[in-house]
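Single-structure report; data block below.
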Amino acid sequence: MYDYEDEDDDLFGDAPTAAAKAQIDFRAELNDDQYAAVTAPDGPAIVLAGAGSGKTRTLTYRVAYLLTQGALPEEILLLTFTNKASREMLDRVEHLTGVASHQFLGGTFHHVGGQVLRSFGDVVGLPRNYTILDDSDSDALLGEIIRESDPDFLKKKDNPKPKVLKNLISFARNVMRPVEEAARARYPSNRDVAEQIAFFAEEYRETKLRRGLTDYDDLLELWLKVLESNDEAATYYQNRFRHILVDEYQDVNVLQASIVDKIAANHQIMAVGDDAQCIYTWRGADLDQILDFPKRHPETTIYKIETNYRSSPQILELANDILESRSIDRSYTKILKPSRPNENLPVFVPAMDAYQQADYVLNRIDRLIDSGARYSDIAILYRAHFHAMDIQMELSRRGTPFVITSGIRFFEQAHVKDLVSQLRFIVNPKDLPAFHRFACLLPKIGEKTASKILNLAETISSKNNIPMVEALATEAVSKKIPADAEEDWDALVETLQAVDEAARTSPPVKVVDLAVNGWYADFIRYTYDNWAHREEDLESLIEFASRYDNLSEMLAELILLSSESGNRVTRSEESCLRLSTIHQAKGLEFPYVFIIGLADGLFPIKRAIDGEGDLEEERRLFYVAATRAEKELFMIFPMLSNQKGTPVRMQLSRFIRELPDTHYEVEKPAPSYRSQGNYGRGNQGYGGKPKYGGGWARRRS
């Protein structure tokens with residue numbers, strides 16, 4: 001818990017300086033598109049700023065231009081999605097004009113909402129000295145409320161944990177849907193749980209107000225409530241801000257858009273964004289807000305900034321064609337225009353499998369390094385974290401320095417280590433740290449209790465000459481399990497018994513499959529809001545296990561790889577290769593970009609193909625990935641996937657199939673020794689050589 005006033009400078013403090021100190025030649029310093037947007041007359045406007053088109057420069061010069069036209073700093077509101085973006089823009093304004101950045105009200109929606117509530121929070125029953133709960137504090141408070149309201153709720157295995165509930169409630173609030181409606185959509189077969197969640201949400205809301213607390217969502221919800229319930233506050237902000245600038249407008253949710261529309265009642269708003277880069281709808285971003293902006297703000301003028309300063313003409317031609325297949329009524333038209341010199345065509349690589357994909361990428365990187373590139377010039381992008389598992393392993397083997405944008409390498413993720421700890425225990429029942437890792441996941445079981453349970457099981461095992469997993473299932477051990485953990489314990493032990501039995505007679509792929517789809521599968525579903533992504537990671541462990549004949553050998557290799565990769569990224573000053581999901585790479589740029597896993601079911605993901613996700617958003621994600629590249633772009637398609645030990649032919653990503661093959665050239669990778677059955681002992685490989693179809697026979701010179 002912390003006090004918001006201690007975190008940020010007072011943005012209302014000093015009197016504004018009179019005018020821009022320096023004369024700025026806007027016409028000379030901006031291109032035609034930027035100049036038109038920067039010098040736009042008052043009134044509602046959308047600025048569609050394409051990837052790499054100088055969006056930040058446009059916003060910065062817009063603020064500077066308004067100052068030269070007589071606007072005062074306190075009349076300008078700048079809303080961004082990160083404090084870093086706001087500081088960067090306002091610092092640039094200060095450099096351009098001499099007007100101190102602290103004289104503006106600018107920052108994230110949450111930051112500005114916090115400032116508003118300091119002045120008008122009492123309107124909605126919030127004291128001005130309110131404090132803000134961070135994520136862990138708000139999770140704890142919700143858990144406290146749940147236990148007080150229904151002591152048995154969290155003891156039931158099928159009920160979600162407080163953090164999952166908090167995220168569900170947060171999503172409902174940001175998209176402005178009733179919590180019960182959102183809960184029914186998430187848990188359609190359990191109507192009672194949906195009603196309980198709605199009750200907990202209301203108790204949570206009332207408790208915060210009563211204690212003078214807010215969470216992050218309150219800073220937006222209560223801000224809107226102030227504007228809607230108090231004419232004085234609404235009129236004050238509508239009259240105060242003659243100019244409202246919103247950055248990354250394609251990412252606003254319904255709640256944020258409603259706040260902006262309320263303040264911009266006089267249509268004094270410029271929304272800057274790019275509908276083609278809307279890739280966060282899964283967390284509440286609402287594409288309709290930018291598409292329907294002209295309906296909510298009549299006489300909107302649309303400005304397009306289309307000159308790209310990042311990518312080669314060849315990459316831009318491909319990127320423009322990615323958007324050609326979009327639904328016309330769900331997008332604005334925009335064509336990126338090049339400013340850089342010609343480079344090579346993007347390269348498409350049909351690889352045999354994930355092994356050959358990894359070999360190709362790393363060998364190609366070696367050639368780039370030999371040609372003078374630095375590791376930091378290169379990024380490997382992927383749709384989901386587990387798609388890069390083979391590349392991470394090969395990087396570790398080769399000693400190549402790399403960093404992962406998420407900050408956590410595949411084998412070091414909590415859910416992967418949780419699952420692996422169960423396998424370690426099966427191989428070595430005396431592995432106390434492994435037992436602690438998974439046993440302490442259960443309610444009311446800490447390390448002390450876990451040690452007592454294991455010691456008792458060891459005694460029973462030795463005395464009766466039975467395996468440890470059987471000892472764990474005895475009545476004597478069960479009596480030592482805390483009541484809150486009994487249901488989970490029974491499911492856990494049942495899984496351990498099945499895994500132990502399989503380990504005696506079956507290959508590792510079968511053993512890992514049982515572990516992945518046992519007790520832990522249910523545990524993550526009710527513990528983590530992003531359980532689906534974690535489930536995908538764990539499923540990829542089954543494929544990893546298919547490369548080995550021996551479970552002990554597999555675990556030894558896995559632990560060594562984790563240790564080696566950890567040692568390679570500790571020196572932040574070292575030039576490192578970048579591995580990143582595409583979502584986390586948005587806003588970044590690299591001379592050389594590799595996009596891996598371009599197969600239907602991987603990219604686009606299977607959920608989107610099956611109708612459970614947004615296929616159009618997947619296409620926009622591919623566009624974002626392609627436009628990260630400055631000089632060269634490589635797109636790799638693994639033709640075979642090893643699913644639970646069985647090779648399955650993959651279909652080329654529809655996003656590549658949609659592109660004219662004149663926009664890229666095909667490069668066949670060199671044969672991979674691992675694809676021939678030599679990767680890990682006992683791996684039999686896939687055998688055979690796939691036939692290349694379409695235009696794949698063309699080789700790059």
Side-chain angles (χ1 to χ4, degrees), residues 9 11-49 53-81 83 85-109 111-112 115-116 235-249 252 259-273 290 293 297 299-305:
D9 294 332
L11 298 180
F12 298 92
D14 298 351
T17 54
K21 293 179 180 178
Q23 291 297 316
I24 304 171
D25 189 343
F26 292 96
R27 178 65 275 185
E29 297 189 28
L30 302 166
N31 66 33
D32 291 346
D33 293 344
Q34 293 169 340
Y35 181 77
V38 165
T39 61
D42 292 349
I46 288 182
V47 179
L48 297 173
S53 65
K55 171 179 66 68
T56 300
R57 184 179 185 83
T58 301
L59 269 169
T60 300
Y61 275 77
R62 174 62 176 175
V63 175
Y65 177 79
L66 293 173
L67 294 174
T68 64
Q69 299 303 298
L72 299 175
E74 66 264 29
E75 296 175 330
I76 301 172
L77 173 62
L78 175 62
L79 291 169
T80 63
F81 275 81
N83 282 313
S86 173
R87 286 194 298 268
E88 180 182 344
M89 280 185 258
L90 292 178
D91 285 348
R92 289 191 190 184
V93 170
E94 182 173 349
H95 178 74
L96 277 171
T97 67
V99 178
S101 60
H102 70 268
Q103 295 182 37
F104 298 88
L105 180 55
T108 65
F109 280 86
H111 170 74
V112 176
Q115 295 290 337
V116 171
T235 301
Y236 170 77
Y237 287 111
Q238 289 163 359
N239 291 337
R240 173 182 170 176
F241 296 120
R242 292 176 51 208
H243 306 280
I244 300 171
L245 306 176
V246 186
D247 189 21
E248 302 286 9
Y249 193 81
V252 298
I259 291 168
V260 172
D261 286 347
K262 186 67 177 178
I263 299 176
N266 301 321
H267 310 298
Q268 70 281 28
I269 175 175
M270 176 177 280
V272 182
I290 190 169
F293 184 94
H297 297 280
E299 301 183 12
T300 291
T301 303
I302 298 177
Y303 299 90
K304 298 180 182 180
I305 305 178

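Model, not experiment: these values are computed from the prediction.
The salt bridge (Lys or Arg N to Asp or Glu O under 4.0 Å) test applied to Asp33 returns no partner, not counting sequence neighbours. Every residue meeting the side chain to side chain contact (heavy atoms under 4.5 Å, CB included) condition with Thr235, not counting sequence neighbours, appears here in chain and number order: Asn239. Residues that satisfy the side-chain hydrogen bond (donor to acceptor under 3.5 Å, both in side chains) test with Arg242, not counting sequence neighbours, are Glu75. Listed by chain and number, the residues in a ring-ring contact (aromatic ring centres under 6.0 Å, His included) with Phe293 are Tyr249, His297 (sequence neighbours excluded). His243 is linked by a ring-ring contact (aromatic ring centres under 6.0 Å, His included) to nothing, counting only residues two or more places apart in sequence or in another chain. Residues that satisfy the ring-ring contact (aromatic ring centres under 6.0 Å, His included) test with Tyr35, not counting sequence neighbours, are absent from this structure.
Residue His267 holds its NE2 atom at 11.0 Å from CD1 of Ile244, rounded to the nearest 0.5 Å. How far CG of Leu78 is from CZ of Phe104: 9.0 Å, rounded to the nearest 0.5 Å. Atom CD1 of residue Ile259 and atom CG of residue Asp261 lie 10.5 Å apart, to the nearest 0.5 angstrom. In this structure, CG on Leu96 lies 12.5 Å from CD on Gln23, to the nearest 0.5 angstrom. Interatomic distance, Leu72 CG to Leu67 CG, rounded to the nearest 0.5 Å: 8.5 Å. One distance of note links CG of Leu59 with CZ of Arg92; it measures 10.0 Å at 0.5 Å rounding.
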Step-by-step side-chain contact (heavy atoms from CB on, under 4.5 Å) determination, Phe109 to Val246: CA-CA 10 Å; Phe109 280 86; Val246 186; 4.0 Å; yes
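Shown here for Tyr303 and Ala36, the closest heavy-atom pair between the two residues is CE2-O, 3.5 Å. In this structure, Leu90 and Gly106 approach most closely via the heavy-atom pair CD1-CA, 4.4 Å. Nearest heavy-atom pair, Gln268 versus Gln238, reported as atom, atom and distance to 0.1 Å: NE2-O, 3.3 Å.
The backbone N or O of Ser53 sits less than 3.5 Å from a side-chain atom of Gln34, completing a donor-acceptor pair. When atom types are taken as modelled, the side chain of Glu74 and the backbone of Leu105 share no donor-acceptor pair closer than 3.5 angstrom. Of the possible donor and acceptor atoms, none in the side chain of Glu29 sits under 3.5 Å from a partner among the backbone N and O of Ile24. A donor-acceptor pair under 3.5 Å is absent between the side-chain atoms of Arg240 and the main chain of Leu77, judged by distance alone. The backbone N or O of His102 sits nowhere less than 3.5 Å from a side-chain atom of Glu94 that would complete a donor-acceptor pair.
If you run side chain to side chain contact (heavy atoms under 4.5 Å, CB included) between Ile305 and each of Asp32, Val272, Thr58, only Thr58 comes through. Among the candidates Asp247, Val63, Leu245, the single residue satisfying the side chain to side chain contact (heavy atoms under 4.5 Å, CB included) test with Met89 is Asp247.
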